Amino acid sequence: MKILDRYILTTYLKTFFSVFIILMLIFVLQTIWLYIRELSGKDLDIGVIFKFLFYFTPKLIPLVLPLTILLASIMVFGSFAENYEFAAMKSTGISLQRAMSGLSIFIIILGIVTFFFSNNVIPWSELKSFNLRSNIAKSKPAMLLGVGQFNPIEGTPYNIKFDRKHGDNDQYLDNVTIHIRGNDGRTNATTIKSKTGELVNEKDSNVLKLILVDGNYYRDVATNNPKSRNKKPFAKSTFEKYTINIDLSQMKNVDFDEQSQTDKYNMLDVVGLQKTIDSLSKKEMASQEIISKNLFQRSNIIPIRNSRLEKIATDSIYLDPILDIFNTKEKYDLVDAATKAVTSTKQVIATNETTKKISKEYLNKHIISLHEKFALGFACIILFFVGAPLGALIRKGGIGLPMVIAIILFLTYHFIGIFATNSAKTGSFNPILAAWFSTLVMLPLGIFLTRRATADKGLFDFDSITEPIKNLFNIKGKDTVDYKFLTSYKNEELKDVIINFEALGHLEESRYEALKILNERGISTKQLCDEGLAMNSNYNASEPIAKDYRDHSKFAIVLYSVGVVLLILHFVFKNNKLPSLASASIQLSITSLVLYLIYYIKSLINTNKFYHQINKKEKKPNLFLLIIGIPLYFIAHLFLDDKMKEDLKQNCLESLNLQND
């Protein structure tokens, strides 16, 4: 290894491990804060707590490692650029690519190690942490009860729901509802409701007392009479205080190393996930076949004996309506059977639709988990090629600016991944693409930054992006000359610039800029012509058309932006289970986009009128640009607006020159 590679690698590793340890401590503290309620007040020994943190630490790697690579790369290469070390390297003929080559090998090796870590260590930690949390929860029953949901108590017929729990040990419950299963284990035969409740559990007792205060007791009454059963009879009683004893003997013998759950999708390695995905796919196909056979069987019409039916079965040219061969009673039976078959089929489809949705979501989670193991390693490599050239471009090391940029980029990467994953779980996005989506979004940025840093260009150079596209569509660029000095001229001086620009030593374009300033000061072109300005009337007719275009295009870009933002918010609200906001945002989005299309069409009509007025139909915008302008108006607007301004200016100058000639 050469001295330069050793120096860069050593500097990077020092920063890398420092940032990694700091970020890991921050995320571990955040984990402790997140699960503090599960750990505090449970008389757990220190070994169990350290085991809890030890099992949770590997799960933080997918968050900590990409951010560490991004931040360390920006800090190290920003420091090299800030201290002119890159300048010294370039003076000796060493390019940025050569400086990054040795470190790139380390990052690639790190990406491979990350894959094996996510394939072996993270599933192991998921397994251990999940089962440890379950075992810790069993050591204190109150922790098993979630607010606002029904909580079945293991080994008992009780299913408890409440709106709030409070107290030193969460022993007090508000608005309690209890369902008690019947002898069949499925039917909720008894319901108890009370305003408050208290959980009382003595230290060495296997019985948990639930003391209910001020409530009602409802019990279903069984009857053999079908008519009475349809009325759903029940017995009701009121109580001021009611005590329920719950046997906890099965929950008290807690083994913190017990592994009762081993098959969750995030607890499996690549081999296990592939086997599970194949199994779930076959199961889904078998389920579809069963449903299709069931629906096919339900579609059969009940057999009806009819001598004429048997006769026309052999007649290949029978063209009359088939129902005509039956009598009225048989027609009624056929229609009734068909109606019942359709109703039954709809019920079967509705029932299986929910089941299929759940199974599809479960399958998608396995597919996402499988591809995330590969995507994490590639993400580490891509983020290095984002951070390293970005640090060289911003020329700033240390914690300040690099930290801000790294956090913004990482949050963008992380939230894109979250939204894509949530959409894929519900089936609205491809699960394979969802696992790779945030990495694929960062890939063009990494290529762009690496090319700019290698070419020693600045970070932001909008012309390098727009010029190739302008050349493609034959769109001329804006003037590079600054005409702001004309704003200090008086009106008479500006008129003199328009008439005698050559004598005053100005460029021809200064005539147009002077005319624009006069228009802004309230002096129209028509007034100037009335005062003796020699100008072809063609420009006077084209100017209001161009103004209408500008007004319509401004409305279009505003409505387009609002519509796109609301459309994105619709999917965000939908993924976060906010249906009312999702519905409102999609309705407003559709309205905005429809209005955008109206104003976009108006702007195209103005464009057509403009080029027809100036007799230059060949300079109309490219049809391809107008087509892509519908879905990508934020791009098309820039070029259409720029082209219209440029052609209006050229028309103005030609009108002045023609009249002078």
Side-chain angles (χ1 to χ4, degrees), residues 23 26-27 30 59-74 107 111 114-115 118 122 265-266 361 364-391 393-394 402-450 452 459-460 465 560-578 581-582 585-586 589 631-632 634-635:
L23 291 176
I26 293 173
F27 279 92
Q30 189 257 353
K59 295 163 56 177
L60 301 175
I61 294 297
L63 287 174
V64 175
L65 187 60
L67 180 57
T68 300
I69 292 174
L70 184 61
L71 180 56
S73 301
I74 296 175
I107 294 296
T114 302
F115 163 73
S118 63
I122 293 179
Y265 59 90
N266 51 3
E361 182 175 344
N364 289 341
K365 289 179 179 179
H366 283 79
I367 297 174
I368 294 170
S369 181
L370 173 64
H371 286 272
E372 280 181 343
K373 298 182 186 301
F374 296 94
L376 180 59
F378 280 95
C380 295
I381 299 173
I382 298 301
L383 290 177
F384 168 74
F385 284 99
V386 171
L390 184 59
L393 290 171
I394 64 175
M403 175 69 80
V404 175
I405 296 175
I407 290 175
I408 293 174
L409 287 174
F410 177 76
L411 289 177
T412 303
Y413 159 82
H414 183 59
F415 283 118
I416 288 174
I418 289 176
F419 293 144
T421 301
N422 290 340
S423 299
K425 288 178 180 178
T426 59
S428 57
F429 197 61
N430 187 285
I432 298 176
L433 182 60
W436 293 90
F437 194 67
S438 56
T439 304
L440 294 176
V441 169
M442 287 294 167
L443 177 60
L445 180 61
I447 296 173
F448 171 74
L449 293 175
T450 303
R452 294 198 66 79
L459 179 59
F460 299 107
I465 303 174
Y560 174 86
S561 302
V562 172
V564 171
V565 170
L566 289 172
L567 183 62
I568 295 172
L569 288 176
H570 163 72
F571 291 105
V572 173
F573 293 144
K574 184 178 179 181
N575 290 333
N576 289 276
K577 298 180 179 179
L578 298 171
L581 292 176
S585 60
I586 191 63
S589 174
L632 301 174
F634 65 95
I635 295 176

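Note that the structure is a prediction, hence the values are computed from the model and not measured.
- The two residues L449 and P389 make their nearest non-hydrogen contact at O-CB, 3.4 Å.
- Sorted by first and then second residue, the side chain to side chain donor-acceptor pair (under 3.5 Å) pairs involving residues 62-73 (not counting sequence neighbours) are Y12-S73.
- Partners of Y560 according to the ring pair (Phe, Tyr, Trp, His ring centres under 6.0 Å) rule, which considers only residues two or more places apart in sequence or in another chain, are Y596.
- L63 and H414 make their closest contact through CD2-CE1, 3.2 Å (heavy atoms, listed as atom of the first residue, atom of the second, distance).
- Nearest approach of G417 to T421, heavy atoms of both residues: O-OG1, 2.7 Å.
- The CZ atom of F410 sits 8.5 Å away from atom CG of L70, with the distance rounded to the nearest 0.5 Å.
- Contact annotation: the side chain of L376 never approaches that of L65 to less than 4.5 Å [non-hydrogen atoms, C-beta and beyond].
- The side-chain heavy atoms of V441 and T412, taken from C-beta on, include no pair separated by under 4.5 Å.
- Atom CZ in F429 sits 12.0 Å away from atom CG in N422 (nearest 0.5 Å).
- L393 CG to I74 CD1: the interatomic distance, rounded to the nearest 0.5 Å, is 10.5 Å.
- In the displayed structure, F437 atom CZ is contacted under 6.0 Å by at most 12 heavy atoms of other residues, nucleotides or ligands.
- Heavy atoms only, all atoms of each residue included: H371 and A435 are closest at CB-CB, 3.5 Å.
- Taking a 6.0 Å sphere around CZ of F378, one finds it holds 12 or fewer heavy atoms contributed by other residues, nucleotides or ligands.
- Smallest separation of non-hydrogen atoms from I416 and S438: CG2-CA, 3.9 Å.
- In this structure the side chain of I586 never reaches within 4.5 angstrom of the side chain of L566, judged on heavy atoms.
- Here the closest non-hydrogen pair linking A424 and N364 is O-ND2, 3.1 Å.
- Expressed to the nearest 0.5 Å, how far CG of L390 lies from CG of L445 amounts to 7.5 Å.
- To the nearest 0.5 Å, atom CG of residue L71 and atom CG of residue L409 are 11.0 Å apart.
- With rounding to the nearest 0.5 angstrom, the CZ atom of F385 is 10.5 Å from the CD1 atom of I447.
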